[in-house]
Peer 1: 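Okay, here's the structure, questions in a sec.
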Amino acid sequence: MDTGSVTGAAAPQRQDYAAFSAQQETRSIYEMMRDAREKAEARRDQFALPKNTRYGDAPMMAYAKLARARTSGEVTAASGFARRKIVQLQSALRSDPDNKERIQAAIRQLQKAVNRAGKKQKDIQREKLTEVRRKKALEEKHRQKAARLRQELSRTRALRSVRESGYIREAEMDNRTQEQLSAARLELRTQLQELTAATSGVSTAAAVHQYAAAQAVTVAEEPAVPAPEAGLDMLA
């Protein structure tokens with residue numbers, strides 16, 4: 001085989017390889033940022049909450065049960081529901097660490113529900129005693145005392161109803177706040193991953209240069225805004 005022909009054939013291959021390497025090394029910053037953004041969006045979908053993951057629903061359900069409770073037995077059932085949900089969410093902490101903050105917030109609300117259920121038990125016991133006193137006053141013909149005790153019962157129950165409605169609103173607001181915080185944390189995590197992917201293996205100075213170049217590309221792509229006419233400027 002002719003050595004010169006082999007050498008001549010290898011030369012274009014080396015040139016092609018060098019051109020390919022140069023092309024790879026000179027990829028535009030804009031393309032690098034775009035690829036990193038696409039990867040970050042894929043990770044965002046990966047970290048997104050499943051449709052059936054609604055940790056904030058448990059406290060609202062517990063407070064709704066507590067608000068509907070009229071007897072000691074119903075209050076006990078509402079408290080038991082809250083306790084069972086706490087156990088379930090504590091297990092979810094181990095299986096879903098990405099939503100640790102949301103789960104812990106729901107657990108705190110459920111613990112409040114248990115404590116408030118205990119307070120309602122005492123309120124119901126006091127109301128029962130007041131009702132017994134009212135009936136006794138009626139039997140003894142103490143109508144004014146009976147009327148006063150009846151008003152006291154009505155006022156106590158009305159205040160408790162308002163207070164329990166506030167519990168539900170508190171749980172709803174806390175749930176919305178946790179959703180917003182979760183979305184903010186996810187966005188920050190995604191931005192950090194995007195930045196890390198875009199600057200992996202690059203020095204700090206090079207990363208700064210890349211960012212500046214990407215910003216220049218963005219500005220260059222934005223359409224120029226025409227200057228306002230003199231007449232419009234005077235009217236403003």
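Remember, it's a predicted structure, so these values are computed and weren't measured experimentally.
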Peer 1: Would you name the heavy atoms of I124 and R70 that are closest together and state the gap between them?
Peer 2: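 Shortest heavy-atom separation between I124 and R70 comes out as CD1-O, 4.0 Å.
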
Peer 1: Would you say M60 and F81 are hydrophobically clustered, going by side-chain heavy atoms of ILVMFWY under 4.5 Å?
Peer 2: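 No; tracing contacts between hydrophobic side chains, which count when under 4.5 Å, never links both residues.
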
Peer 1: Please lay out, stage by stage, how Q191 and L188 fare under the test side chain to side chain contact (heavy atoms under 4.5 Å, CB included).
Peer 2: CA-CA 5 Å; Q191 291 178 0; L188 288 173; 4.2 Å; yes

Peer 1: May I ask you to check whether over 12 heavy atoms, not counting those of R150, lie within 6.0 Å of atom CZ?
Peer 2: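 Atom CZ in R150 is not packed in, count stays at 12 or less.
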
Peer 1: Do you reckon L149 sits in the same ILVMFWY cluster as L153, going by side-chain contacts under 4.5 Å, direct or chained?
Peer 2: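 The answer is no; the residues belong to distinct hydrophobic clusters.
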
Peer 1: What distance separates I103 CD1 from L93 CG, expressed to the nearest 0.5 Å?
Peer 2: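 Here the interatomic distance stands at 5.0 Å.
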
Peer 1: Under the side chain to side chain contact (heavy atoms under 4.5 Å, CB included) rule, what do E74 and R68 come out as? Steps first, then yes or no, please.
Peer 2: CA-CA 8 Å; E74 292 174 347; R68 290 195 300 267; over 6 Å; no

Peer 1: To the nearest 0.5 angstrom, please state how far the NZ atom of K112 sits from the CD atom of E170.
Peer 2: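 One finds 4.5 Å between NZ of K112 and CD of E170.
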
Peer 1: Please find the pair of heavy atoms, one from S72 and one from K128, that lie closest to each other, and give the distance.
Peer 2: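 Between these two residues, the closest heavy atoms are OG-NZ, 4.0 Å.
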
Peer 1: Can you tell me how far apart CD (Q178) and CD (E101) are? Round to the nearest 0.5 Å.
Peer 2: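 Between Q178 CD and E101 CD, I get 8.0 Å after rounding to 0.5 Å.
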
Peer 1: Can you check whether S161's main-chain N or O pairs, donor with acceptor, with S165's side chain at less than 3.5 Å?
Peer 2: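 Yes; judged by distance alone, with no hydrogens or angles, the pair exists.
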
Peer 1: For the residue pair T156 and E127, what are the closest heavy atoms and their distance?
Peer 2: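 In terms of heavy atoms, the two residues are closest at CG2-OE2, 3.6 Å.
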
Peer 1: Under 4.0 Å between a Lys/Arg side-chain N and an Asp/Glu carboxylate O for E139 and K136?
Peer 2: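 A salt bridge is absent here (no side-chain N lies under 4.0 Å from a carboxylate O).
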
Peer 1: Determine whether a donor-acceptor pair (N or O, by modelled atom type, separation under 3.5 Å) exists between the side chain of T130 and the backbone of R126.
Peer 2: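 Judged by distance alone, yes, a pair lies under 3.5 Å.
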
Peer 1: Of all heavy-atom pairs between L110 and P59, which one has the smallest distance, and what is that distance?
Peer 2: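 L110 and P59 have their closest heavy atoms at CD2-CA, 3.7 Å.
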
Peer 1: Would a distance-only check, ignoring hydrogens and angles, find a side-chain to backbone donor-acceptor pair under 3.5 Å from K85 to M61?
Peer 2: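 No; judged by distance alone, with no hydrogens or angles, the pair does not exist.
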
Peer 1: A quick test of your reading: do over 12 heavy atoms of other residues, nucleotides or ligands sit less than 6.0 Å from CD of Q144?
Peer 2: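 Atom CD in Q144 is not packed in, count stays at 12 or less.
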
Peer 1: Distance from E164 atom CD to K119 atom NZ, nearest 0.5 Å?
Peer 2: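 Answer rounded to 0.5 Å: 9.0 Å.
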
Peer 1: Taking atom OG1 of T177 and atom CZ of R102, what is their separation to the nearest 0.5 Å?
Peer 2: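 Atom-to-atom, T177:OG1 and R102:CZ are 11.0 Å apart.
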
Peer 1: Nearest 0.5 Å, what's the CG-CD distance between N175 and Q109?
Peer 2: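 Between atom CG of N175 and atom CD of Q109 there are 9.5 Å.
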
Peer 1: Between Q125 and Q121, does any side-chain donor sit less than 3.5 Å from a side-chain acceptor?
Peer 2: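 No.
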
Peer 1: If you take all heavy atoms of A64 and I168, which pair is closest and at what distance?
Peer 2: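 Looking at all heavy atoms of both residues, the shortest contact is CA-CD1, 4.1 Å.
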
Peer 1: Specify the closest pair of heavy atoms between A171 and Y63, including all atoms of both residues, with the distance to one decimal.
Peer 2: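 Looks like CB-CD1, 3.8 Å.
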
Peer 1: Crowded around R83 CZ? As in, over 12 foreign heavy atoms under 6.0 Å?
Peer 2: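 Incorrect, the count does not exceed 12.
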
